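Here's the structure we're looking at; comments come further down.
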Number of protein chains: 2
Amino acid sequence: MPPRRGQQLVQSLERGLAALEMALDGNVRPSHVAEALGIDRSTAYRLLYTLMAKGYLLQDERTREFTSNPAKFFQLYGKVATLLDWSDVAGDFLTRLRDQSGETANLGVRQANNVIYIAHKPGQAALSVNFALGTSRPLHCSALGKALLAAQPDAVTAEWVASAALTSYTAKTITAPSRLKRHLERVRVDGYAVDDEETFAGVRCIAAPIHDHRAQVIAALGISGPTTRITHEQLPHFAETVMQVAAQLSAELGAPVAEL
Amino acid sequence: MPPRRGQQLVQSLERGLAALEMALDGNVRPSHVAEALGIDRSTAYRLLYTLMAKGYLLQDERTREFTSNPAKFFQLYGKVATLLDWSDVAGDFLTRLRDQSGETANLGVRQANNVIYIAHKPGQAALSVNFALGTSRPLHCSALGKALLAAQPDAVTAEWVASAALTSYTAKTITAPSRLKRHLERVRVDGYAVDDEETFAGVRCIAAPIHDHRAQVIAALGISGPTTRITHEQLPHFAETVMQVAAQLSAELGAPVAEL
DNA sequence: CCCTCGTGTTGCGTAATTCGCACATGCAGC
DNA sequence: GCTGCATGTGCGAATTACGCAACACGAGGG
């Protein structure tokens, strides 16, 4: 049995990271950070100043506001990108999925309560779904997110559904925990998840999980397109394509061959 | 007069960020971090554990090593990328430069003692220079870096040249401070910088500075290609193209129209 | 099979670090 | 110019984080 894990976090570091993330969501000033974190202005200032000294933030000479330093984050991004270049691994499969479906193909992983889009191939039609890499979306209303959620053990899913904040984005967003739970059971049976205008009106998405060599779900692969092309009639056909390419990618990663 | 700036950094945060950056350069263990930073193993462990709790690191269940969490950094990258989307601003100009020169076009900004590549258009020839976004290279041996260095006031450049570590990468890397200083004076006069196999044997690069609306140098734009195509004879011609497109991009950013 | 060495992880007391208060300074707007 | 408001900076108090020491565990050797 692994030793039970620590409980005491380093406070200054914790607060510093919180301040950093605030700065990433828009320029901040010491007074804002202080209020948001419930600490003194001077403390917030010293945290921000330290982050600036280490290159993570910049300070506007005139307004005195602290801004994220894009160059620093490009550098950090570059380092992780070289460590694990998903585009290289998944690039062919994204292209294949894009070509077979005609829609934008994307790959995402879970990060806390969000899906992060880490690779994509935008569709070539005039009207195509397109968003930047690194975008995060809530788990409960995206196809990728639901594919990832459904892959967990029942108990974990149940607990998550009960405790998560199911924010509503459109009239179709599932906000009732019990409904989401049943919905996810369906996703697991089907082998794919659908986001039926639950995040954006007029946009439908389909996703399936990706397994690694230990059969663990590590990512989800899917397509996004306008409801005019991904119709309810066509949906099973698209889902079949998504699951096929997802299985191929899983196989490429060394996943044990399962059903189908 | 702005008040003179603080001097005391928050130690825990400083050490935590250092640990984070170590993890980005490869998996780390508490003992490594402790030795590198000259602190106790337990302290290093608590920093790493805090970073993990906040989502920046992951810990391998088996080896107990701490790894950077790619998803987290994709998320951070996504946030800064939307704040300042260089690809959108510079995309057309990169394409134009790539098409006119036939070589890989790239755009970089300075980050401490490095150039960070924040946007690019890979060349279409079979043999083309290509590296990932976010890559960092030393200032003193890259064309982009030298273009940025030469744009500074003389005093600043002189001080930097004297104090910087001029690491050698190929036989042609300039490592003598005095030579680099003269070289940069030449760059300023010419209006463009050349990396003549100073970073990679067989690769030549040409770059020119980009100015914003205040005539401040904020980035550098350039091309990279094999010495077989960017020959010494052709070099002035390529340089002319680079400077032209760089001037166009500067103009797009609202830079006051200068000479030429 | 035991013993040792190295490392991850945790408890604890101390002392250094950080935090909050108070104030100086600068800036915008009546 | 005076007033409100925010940044930036000493300074003392005490919380916090640090290092020490110990435990658990696995690897490797005798």
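Side chains included, hydrogens not; waters and symmetry mates left out as well; all remaining heavy atoms used. Below, chains carry the letters A, B, ... as their sequence lines are ordered, and counting in each starts from 1. Not measured: the values here are computed from a predicted model.
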Set of residues satisfying salt bridge (Lys or Arg N to Asp or Glu O under 4.0 Å) with respect to A:Lys54, sequence neighbours excluded: none
Distance test, side-chain N/O of B:Arg64 to OP1/OP2 of C:dT9, below 4.0 Å: yes
Residues B:Arg62, B:Glu65: salt bridge by 4.0 Å N-O rule: no
A:Gln11 vs A:Thr63, nearer the 5' end of DNA chain D by closest nucleotide: A:Thr63
Separation of B:Leu107 CG from B:Leu144 CG (nearest 0.5 Å): 7.5 Å
Residue pair A:His140 / A:Lys146, side-chain donor-acceptor N/O under 3.5 Å: no
Whole-Å gap separating P (C:dC19) and OH (A:Tyr49): 17 Å
Gap between atoms CG and P, on B:Leu13 and C:dA16 respectively (whole Å): 21 Å
Distance below 4.0 Å between B:Ser12 side-chain N/O and D:dC18 OP1 or OP2: yes
Contact under 4.0 Å: A:Gln59 side-chain N or O vs D:dT7 OP1/OP2: no
Whole angstrom value for the distance that separates P of D:dG8 from CG of B:Leu9: 14 Å
Identify all pairs in which a protein N or O lies below 3.5 Å from an N or O of nucleotides 20-23 of chain C, and state each distance.
{"unit_1": "C:dG20", "atom_1": "OP2", "unit_2": "A:Asp40", "atom_2": "N", "d": "3.1"}
{"unit_1": "C:dG20", "atom_1": "OP2", "unit_2": "A:Thr43", "atom_2": "OG1", "d": "2.7"}
{"unit_1": "C:dG20", "atom_1": "N7", "unit_2": "A:Ser42", "atom_2": "OG", "d": "3.1"}
{"unit_1": "C:dG20", "atom_1": "O6", "unit_2": "A:Arg46", "atom_2": "NH2", "d": "2.7"}
{"unit_1": "C:dC21", "atom_1": "OP2", "unit_2": "A:Asp40", "atom_2": "OD1", "d": "3.3"}
{"unit_1": "C:dC21", "atom_1": "N4", "unit_2": "A:Ser42", "atom_2": "OG", "d": "3.3"}

Gap between atoms CG and P, on B:Asn27 and C:dG8 respectively (whole Å): 13 Å
For atom CG of A:Leu47 and atom P of D:dG8, their distance in whole Å: 14 Å
Length of the line joining A:Arg62:CZ and C:dA28:C1', which is rounded to integer Å: 13 Å
Rounded interatomic separation in angstrom, taking CD from A:Glu14 and P from C:dT17: 21 Å
Set of residues satisfying ring-ring contact (aromatic ring centres under 6.0 Å, His included) with respect to B:Tyr117, sequence neighbours excluded: B:Phe131
Separation of D:dA6 C1' from A:Glu65 CD (nearest whole Å): 12 Å
Pairs satisfying salt bridge (Lys or Arg N to Asp or Glu O under 4.0 Å), at least one member in residues 152-163 of chain B, at least two apart: B:Asp154-B:Arg188
Short side-chain donor-acceptor distance under 3.5 Å, B:Gln59 and B:Arg29: no
Within residues 32-48 of chain A or reaching into it, pairs that qualify as salt bridge (Lys or Arg N to Asp or Glu O under 4.0 Å) - sequence neighbours excluded: none
Under 4.0 angstrom between B:Tyr45 side-chain N/O and C:dT10 OP1 or OP2: yes
Spacing of OG1 belonging to A:Thr157 relative to CG belonging to A:Leu180, to within rounding of 0.5 Å: 9.5 Å
End axis versus end axis in the helix from C:dC1-D:dG30 to C:dC30-D:dG1, the angle rounded to 10°, five pairs used at each terminus: 40°
